[in-house]
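Below, read A as the first sequence line, B as the second, and so on, with proteins coming before strands; counting in each chain starts at 1. Here the structure is a predicted model, which is why all the values come from computation and not from measurement.
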Amino acid sequence: MSRYSAAEIEPKWQQAWEQAGTFTAHRDPAKPKYYVLEMFPYPSGNLHIGHVRNYTMGDVVARHKLATGHAVLHPMGWDAFGLPAENAAMEKKIHPGAWTYANIANMKAQFSKLGLSLDWSREFATCDPEYYGQQQAMFIDFMERGLVYRKNAVVNWDPVDMTVLANEQVEDGKGWRSGATVERRELTQWFFKISDYSDDLLGALDGLDNWPDKVKLMQRNWIGKSRGLQFSFSLVDGPAGHDRVEVYTTRPDTLLGASFVGVSPDHPLARHLEKDNPDLAAFNAECRKMGTAEEEMEKAEKRGFDTGLRVRHPFDTAWELPVYVANFILMEYGTGAIFGCPAHDARDLEFARKYDLPVVSTFAPTSDSGHTLPEDGGEAYVPPKTDTVSYVRGFAGETEQTGNEAIDAAIAFCEANAVGHGVTKFRLRDWGLSRQRYWGCPIPVIHCDACGVVPEKKENLPVKLPEDVTFERPGNPLNWHPTWRDVACPKCGKPAQRETDTMDTFVDSSWYYARFTAPHAATPTVAEDAAYWMNVDQYIGGVEHAILHLLYSRFFARAMYACGHLPASAIEPFDALFTQGMVTHEIYLTRDENGRPMYHLPSEVTNGTLADGRQVEIIPSAKMSKSKKNVVDPEAIIAQYGADTARWFVLSDSPPERDVEWTASGAEAASKHLARVWRIVTEAATAPDQGTGDDALLREMHKAIHDVTLGIESFGFNTSVARLYAFTNALQKSDAGRAARVTAARTLAQLMSPMTPHLAEELWNRLGGEGLIANAPWPTADPAMLIDDEITLPIQINGKRRAEITVPRDMAKDEIEKRVMASDAVQRAMADGARPKKLIVVPGRIVNVVF
RNA sequence: GCCCGAGUGGCGGAAUGGUAGACGCAGGGGAUUCAAAAUCCCCCGCCGCAAGGCGUGCCGGUUCGAGUCCGGCCUCGGGUACCA
C-alpha cells in the first residue's frame, strides 16, 4: 500500500481535468444550467487565505452541481482597475498596467494549484480594452437613455499635492501623503441616474427570497424611502431674493417642538450671506475643510453660526426662530435645510444645548417608564415610529397614536391649511462615477467648443488609455499627456478634447457577471448566451459588499435591460446570495524612532517575538490587509501539505458566514486526516469477504450522504466536514465485509470530492470507479436506511434531564407514559408523596415530568 | 454618529423552542517500539471527596422546557456613497 502524496496526485488530476475539459461550460438544452460565481478578486499580487476560503466554497457548490447533472458555469476574472496600481506606479516606478498584469499572472498560477473547477477559457480582466471598450459602448447607450448626466459635486482636495483624494486617503482630515489639511472642492462630475430606480430597487428586494435578510435590510435602509413634509419658513427681513427657506422633514408631527432652522454651509442662503459677512465666510470655509465622508461629518462636533436672520413659524407668525448655518446638514439630502427639534433628535439636542436654544417635547411615552424628558436633562426621545406615544404638543390626530399615524395626520393637516405638502424622498443619491485618475475606464466622451459634450462614435471604441504616462507629477496623468486629449469632434470634426475623467471601479464590477456569459463577444452581451446562463444561481462574496457593489449591480442589470443588453428576467441578476465571513488575523507591529508603526508578517513572529528578539505589539484580529501585513500566504501551506489539505482546512470548523481567526495549528491536523482517509479507504479493498457489520455500516453511509449533502446545499460546509469525520471513524471501526466497505469507501470519496477533489479522484480510481469522480452521479440517500428502530428519550423532571429510556421508535404515547412513570428517576421523585402535575411527551423527542 | 451583524469549554465550533458542548484542535494517560516518528485506544466545561450545584457576553421576561423567542444593555466586527 502506497502512502498519500499530494505532490504526486494533485498535478496529475489537474491535468486530467484539463485534458477532458471537465469544467468548460457548454450550453446544453438537455440539462438544467447552474451559474455559480464568486466575487472576482482584485489582483493585489498574491492570493491570501481569505481568497482560498472564498473560492473553495464556490468550488464545493460548483462541483456538487456538476455531480448532480447540471451544465455548470463557473468562471473567473480580475477586478483590475483601481487605486493600488497607481500607488505602486508612484512608489515603485512601474506602469500600473505592467504591475497589474504581472500580479494577475502570479495569482493565476497560485489559483491553478488549488484545483478549482474554473472555466479559464472565459477569463478576462476589467482593464482589458476588450472589456472596457464594451463598457464604454454601454455608457454611450446609457447616455442615450438619459441615465447619465453631469452636475457639480464635492471631492476631497489635497491643496499641496493638487489632487483628488479617496476617502481612504484622508486620515484625520489630512492627506495621507502630503499631510495637508484636506478641503472640499466642487468639480463637474458624471453621474448615473440610479435614483430613477429607487423605488424599484427597494420594492424588488421583497422578491429576493434567497438573499440574506441582513443584506436586504441594509439595502432598504440605504435606499431610505421616507414620507415627509416639505414646506417653507418665511424669512423676517430676508436678503433680496431670499424670502423663504424651504425645508423637508420626516417628523412634521414635531413642528410645535421646533427650536431653530439650520441650513447647510453650501445652501444658497449661506452662500449669499457669506459675501457680506466675513465671519460667516470664515465659518463656512472652516466647514469646507473637512473630508466628504459621511462618517467624518457625523462624528464631528456639531457647530453652527447664528446668521441673525429669523423665520416665522408656519402655525404662528408671531413665533420666530433663529436661522443657523450648521456643519452637520448635507446639501445633498432633502433641501439642504432643516428645522431643529432638539427634544426628538440627538444631533439637534446636542446643537441646542451648545447654543442654548429651547428644548420642547411634543410627545412622551404613554406610561411613566422612568424616562427623563430632554428639557429636564434627559436624552432626546426618539422611539420607533411604530410605537404609540402620547402627544403633549400635538396638533393633528389623536392624543395617543403611533409616530406614523401622527406623521400622516400632520401632513394632512398641513396640506389642508396650505402650509406644505407631503413628499416621498429617498436617501439614495445618484451614483457619481467620475474619477480624476489614470487607471480606470476612460469615459468615452469628447468636449467640443461648438457641439458641447459629444459621445465618441462606437466604431472608435475602445477609447484606450495611453501607455506613455508618468506619475512624477501629482494629479491625473491623462491631463498632462501631450497628445491623448486632442481629438476631432465626432460631430463637427473640429479640434476638440477628450474627457479625462475615468470611471469608478464599481462600474467595472457591476456587469462582469453578464460578460462571463459571452466574454469575448463584439457586443457587451449576446442575447442567446445571456438568456441561457443568466441569472447567477449562486453568488458568493464578502458581506462588506452588501450595499454598494450589490446595489450598483442591481441598477446596472436594469439599465442594461433598458438598453437591450439583458433580458427582462435578468434585472435581478443574482438569484441567491451567500455572504461569507472574512479571515482575520492579529496584527503585529513595532515602532520606528518617530513612533510610527512598522508592521510584521505573522510568519516573521514567533510567540510575540521577532527573529532578532524584539517584542511586537499585538493588535486584536482584523480583516486581513496587505498594508497591515496580517496576511497568511497560502502557497506555503500548499507547498507543504497540498491543495486538498488547504481546502479541507478552510472548510473545517468555522461556519462559512462567520469571520474566522486564522491559526496555523489546524493545517497539520487536516493533513493527517487526509492521510488517514487514504489509509482507511485503501484498506477497504483488501478487507475479508465476510463481516458482521454490513447493515450498520451502510446505515451510517446513508446517514452521511443525507447529512453531508444537506450541509453542502445549505452552506454548512463545516458541518459536512464534521459529518465526514464521523463517517470516516465509523468506516474505520466497522467489521463489515469487503463489498460493503468498498461501497462505503467509494461513497466517502464522492462525498469528499467537492472539498478534496484530487484525493477523491485518486481513491475513486484505485477503487475501480468509472471515469472521473468529478462527473460521477452524486449518491442519494435511501430514506429507509435513515430511520432507526429504537430511539432514546431523555426524561426531564421539572425541565432538568434526570434519566433516559430506550423505546421502539413507534411506541404508543400511553405506553411511553407508563414506562416513564415506572422509571427509577420518577419513582424517586415521588418517594416523598409528590404527584406529577403534568406529563409532557414530545413524540420522538423528549419527556418532561412536572411536579 | 447612523445602519447591519456576531458573542457557547483552554481553542475552532455543533445543536427544527426539547439530553448544551456533536466533530475537530490543544492537553493528559496508555498500547506499540531498543528508542523515536507514525499509528491505535482511553480521559477531557467549571466547582465539589461525594451527593449535588453552576454553566451559551450582562440584566430582565415569555414557556412544562430558552444558546434558540421578546425587551434593555455591554463588547467586538462590517458598511457609511472615491479601498475593493
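When heavy atoms are screened at a 4.0 angstrom cut-off, A:Val842 is found touching base atoms of the nucleic acid. Using a 4.0 Å heavy-atom criterion, one finds that A:Pro655 contacts the sugar-phosphate atoms exclusively. No contact: A:Gln169 has no heavy atom under 4.0 Å from any strand. Backbone-only engagement by A:Asp79 is indicated by non-hydrogen atom pairs under 4.0 Å involving sugar-phosphate atoms exclusively. Looking at heavy-atom distances under 4.0 Å, A:Gly542 makes no contact with the nucleic acid at all. Among the heavy atoms of the strands lying under 4.0 Å from A:Ala293 are primed sugar atoms or P, OP1, OP2 only; no base atom is included. Within the nucleic acid shown, A:Phe506 comes within 4.0 Å of at least one base atom, counting heavy atoms only. Residue-level contact check: A:Trp222 touches the bases, meaning some heavy atom is under 4.0 Å from a base atom. Here A:His545 lies in heavy-atom contact (under 4.0 Å) with a base. A:Glu86 comes within contact range of no nucleotide atom at all, as no heavy-atom separation falls under 4.0 Å. Residue-level contact check: A:Lys838 touches the backbone only, with heavy atoms under 4.0 Å from sugar-phosphate atoms and none from bases.
Side-chain atoms of A:Arg845 come within donor-acceptor range of the base of B:U16, with a qualifying N/O pair under 3.5 Å. Between the side chain of A:Asn848 and the base of B:C64, a donor-acceptor pair under 3.5 Å is found.
The nearest whole Å value for the distance from the CG atom in A:Leu548 to the P atom in B:C4 is 16 Å. Between the CE atom of A:Met503 and the C1' atom of B:A84 there is a distance of 18 Å, given to the nearest Å.
Side chains of A:Ser195 and A:Asp430: a donor-acceptor N/O pair is present below 3.5 angstrom, by distance only.
Two rings, from A:Phe649 and A:Tyr641, have their centers 6.0 Å or more apart. With ring centers used as reference points, A:Tyr725 lies 6.0 Å or more from A:Phe727. The aromatic ring centroids of A:Phe192 and A:Phe556 lie less than 6.0 Å from each other. Ring-centre distance between A:Tyr539 and A:Tyr513: not below the 6.0 Å cut-off.
Considering A:Val155, A:Val154, A:Asn152 as possible partners of A:Leu187, the one that fulfils the side-chain contact (heavy atoms from CB on, under 4.5 Å) test is A:Val155.
Helical stems of RNA chain B (runs of at least 3 Watson-Crick or G-U pairs, donor-acceptor distances under 3.5 Å) are listed by first residue: B:1-7 with B:74-80, B:10-12 with B:23-25, B:27-31 with B:39-43, B:45-47 with B:52-54, B:57-61 with B:69-73.
Between A:Arg177 and A:Glu86 there is no salt bridge, since none of the side-chain N atoms of the basic residue sits less than 4.0 Å from a carboxylate O of the acidic one.
Where A:Arg802 and A:Ser652 meet RNA chain B, the nucleotide closest to each residue was compared, and A:Ser652 sits on the side nearer the 5' end. Heavy-atom nearest nucleotides on RNA chain B were determined for A:Gly432 and for A:Asn221, and the one closer to the 5' end corresponds to A:Asn221.
Side chain of A:Lys216 to main chain of A:Leu208: a donor-acceptor pair is present (N/O by atom type, distance under 3.5 Å, no hydrogens or angles).
Using a 4.0 Å cut-off on heavy atoms, the residues of residues 716-726 of chain A that approach RNA chain B are A:Asn718, A:Thr719, A:Ala722, A:Tyr725, listed by number.
A:Met162 CE: 12 or fewer foreign heavy atoms inside a 6.0 Å radius.
Taking atom C1' in both B:C49 and B:U39, one finds a spacing of 38 Å when rounded to whole Å.
Regarding contacts with the backbone of B:C23, every side-chain N or O of A:Asn729 stays at 4.0 angstrom or more from both OP1 and OP2.
When all heavy atoms are compared, the tightest approach of A:Thr126 to A:Asp79 is OG1-C, 3.7 Å.
Base orientation of B:G9: syn (glycosidic angle within 90° of 0).
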